Amino acid sequence: MADGSTVPGHVEVRPKTRILLSLPISTSSNAILFIVCVLVSLVLQLPGNVPFDGITVWYEAVHGILFKQHPPAMVLLWRISNLAAPGPAPFTGLQLLTLWLFCAVALERWRPPLWLAAAFYLAMLASPLVFAMSGKIGKDIIGGHLAILAFVVAARADGPPRSNWEWAIAWACATLAAMIRYQLGVIFLALGVLLLLERRQFPGLLRNRVWASLGSVVLTFAVVTVGIAAIFISRGPNDVDQSFRKIFLFDIAGAQAYDHEARLPVFSQAGVDQADIKAAMIKLYDPARVDTLWVSGGVFDKLQNLSDAAIFRQWRYTLLHEPKAVFFHRMAAFRKVLGFGDIYTCWPVYAGISKIPTDRVKDLNAQSYGRAISADIVKARYFPAGTFLFRAWTYSLVCLVLLTLPLFWKEAPPEAAALGAVGVLYELSFFVLPQACDVRYSYLTMLSAMRGGAIAIFSVTCQKPDPTASWSKGTRGSLDQISN
């Protein structure tokens, strides 16, 4: 009626389109949005943006040689992806597929309204950070995608309990992520939380879940290890040993930079010119990355004949006798990881295929694979690479909020809090294991903040699904009523 009142017995009917948009997203709609995002990403990102490290992984995969500078599991994935076609495009495609796959699985789990699901896909597609990172080949990128995929596959989201097969897939993805970057193993803690949450609702399933999860971890590790041993020839020092050597020398050099009087007794006993090595450390040290110590004739060259054991003894001495200097160095390095200061020293974007090392680039004919459309976009003048969108502190704060949600929101989704914990712990790992401040290092924290934030929003706006109801029954029934 004109005055806003309704006729008795009359039921107001909203337009069908509005009803459809407010219904939980269907599997078919989710599949369509997933395919569209994958295709758009492939058009924009192929053949991929390949930095220096990516060239080495590519070379190792093609020639079956492991220099042990990068995780062998990533080299194996590249080798397998090249069965489809040579070059970086297949690996880039795999990296993009894992991104959109975890988005699709998450929407299947939480079933937000269609409009909200479409907005989520659009936000991920338009995110400058995701756009810049998803097409850049790196262990942090594909590893981060696999870690979040593991989480959403295992998440119950108020639905029915996950099957043993789903738990096995989740733990397999998590194991592969951890083998690609060790620090990504923090996702195991989140999976453990999900396991405990399911146990509270379905206690009788725990034993089978544990066996499925452990079996998956062992099987995945065994298959990847056997595959690496069967295909590749190893050369060079172990990558774990190299990583610790870098961290130890980074700490020692940082302590020298903050306290010029710090002593180096182990180096002196080994015959190293203390004045010379001190001068080199003070001159070359940069809290942004350890690589500055690696220049020709630099710290690493001067100490190349020293054993790892000797480096460790000097590091232990420095840690015990110069803790203040080491702490200041660690804080300066962690501040850079968090994104404070000049973000461009931390490589927020990378465009194109690296031209170095020149011998490997020439061997691979790497420059013949063309340039991705994304390479020109991320280098555009107005691309927001220097903004808060590329600074880890932004996402770390979001993760802290997600972690504390249960303290002031009674119905806070525990999955969001678990992802908040993942993001915080992962970011803190770079205080414990400092090497460089590259933005890609914080990618899992950034994904955790985005995914956890989306879960919180879904929980506010979505009606809790009936675990026994299917979409087709629920929505079709509603539509029939609308039609009638």
Side-chain angles (χ1 to χ4, degrees), residues 69 182-183 237-348 391-393 396-397 424-442 445:
Q69 298 172 351
Y182 311 120
Q183 288 152 281
N238 184 280
D239 63 321
V240 176
D241 293 339
Q242 284 193 93
S243 294
F244 279 115
R245 187 180 180 95
K246 287 191 290 185
I247 292 170
F248 294 157
L249 286 177
F250 196 28
D251 280 345
I252 295 168
Q256 290 295 319
Y258 283 94
D259 183 358
H260 297 354
E261 302 302 318
R263 297 177 62 242
L264 302 171
V266 178
F267 289 173
S268 296
Q269 293 168 11
V272 177
D273 186 326
Q274 192 160 155
D276 181 51
I277 195 65
K278 274 177 171 283
M281 287 179 170
I282 293 169
K283 177 183 177 182
L284 297 174
Y285 170 76
D286 183 344
R289 63 188 63 252
V290 69
D291 301 41
T292 57
L293 306 177
W294 221 310
V295 298
S296 179
V299 173
F300 280 87
D301 280 356
K302 293 178 184 295
L303 300 174
Q304 62 181 332
N305 294 324
L306 245 61
S307 67
D308 292 340
I311 299 291
F312 170 74
R313 288 197 302 273
Q314 178 56 62
W315 174 79
R316 183 176 58 189
Y317 178 91
T318 302
L319 194 64
L320 293 174
H321 293 83
E322 308 292 343
K324 186 177 179 180
V326 173
F327 177 76
F328 283 146
H329 145 67
R330 289 284 184 106
M331 287 302 297
F334 190 56
R335 184 176 179 274
K336 296 294 293 183
V337 172
L338 287 173
F340 293 102
D342 182 8
I343 194 66
Y344 287 99
T345 62
C346 302
W347 293 90
R391 298 177 188 269
W393 62 261
S396 298
L397 284 176
V424 170
L425 290 174
Y426 183 73
E427 198 65 23
L428 287 174
S429 73
F430 292 102
F431 179 82
V432 180
L433 302 169
Q435 289 191 35
C437 67
D438 292 19
V439 172
R440 64 180 174 87
Y441 285 6
S442 298
T445 297

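A quick note: this is a predicted structure, and the numbers were derived from the prediction, not measured.
Of all the heavy atoms in Arg245 and Leu306, the pair that sits closest is NH2-O, 2.9 Å. Minimum interatomic distance between Val299 and Leu284 (heavy atoms only, all atoms of both residues): N-CD1, 4.0 Å. Between Leu293 and Leu249 the shortest heavy-atom distance is CD1-O, 4.0 Å. Residue Arg263 comes nearest to Glu322 through the heavy atom pair N-OE2, 4.2 Å, listed as atom of the first residue, atom of the second, then distance. Residues Val295 and Asp301 share a closest heavy-atom pair of O-OD2, 3.8 Å. Heavy-atom minimum distance, Ala262 versus Ala255: CB-O, 4.4 Å.
By the 4.0 Å N-to-carboxylate-O rule, Arg289 lies close enough to Asp438 to be salt-bridged with it.
In this structure, the side chains of Arg440 and Pro348 stay at 4.5 Å or more apart for every pair of heavy atoms. Residues Asp251 and Pro434 form a side-chain contact, since some pair of their non-hydrogen atoms from C-beta on lies under 4.5 Å apart. Counting only heavy atoms from C-beta outward, the side chains of Gln256 and Leu264 approach each other to under 4.5 Å. Side chains of Val272 and Lys302 form no contact here, defined as non-hydrogen atoms less than 4.5 Å apart. With a 4.5 Å cut-off on side-chain heavy atoms, Trp393 and Glu427 do not count as touching.
The neighbour count for Gln304 CD, taken as heavy atoms of other residues, nucleotides or ligands under 6.0 Å away, is above 12. Heavy atoms from other residues, nucleotides or ligands lying under 6.0 Å from CZ of Phe327 number 12 at most.
No side-chain donor-acceptor contact under 3.5 Å links Gln274 to the backbone of Ser268. Between the side chain of Ser307 and the backbone N or O of Ala310, at least one donor-acceptor pair lies under 3.5 Å. In this structure, the side chain of Lys246 does not engage the main chain of Asp291 through any donor-acceptor pair within 3.5 Å.
The OG atom of Ser442 lies 7.0 Å from the OH atom of Tyr426; values are rounded to the nearest 0.5 Å. For the atom pair CG (Leu425) and OG1 (Thr445), the distance works out to 9.0 Å, reported to the nearest 0.5 Å. Atom CE in Met281 sits 10.5 Å away from atom CG in Asp276 (nearest 0.5 Å). Distance CG/Leu397 to CZ/Arg391: 13.5 Å, rounded to 0.5 Å. A distance of 8.0 Å separates SG in Cys437 from CG in Asp286, rounded to the nearest 0.5 Å. Asp308 contributes atom CG, which lies 11.0 Å from atom CZ of Arg313 (distance to the nearest 0.5 angstrom).
Classification of the Tyr441-Phe430 ring pair by plane angle, with boundaries at 30° and 60°, yields parallel. The aromatic rings of Phe250 and Tyr285 lie tilted to each other, with the angle between the two planes from 30° to 60°.
Screening Tyr317, Phe312, Phe300, Phe267 for a ring pair (Phe, Tyr, Trp, His ring centres under 6.0 Å) with Phe248, the sole residue that qualifies is Phe312.
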For residues 331-339, which side-chain N or O atoms pair as donor and acceptor with protein atoms under 3.5 Å away, sequence neighbours left out?
unit_1: Lys336; atom_1: NZ; unit_2: Thr345; atom_2: OG1; d: 3.1

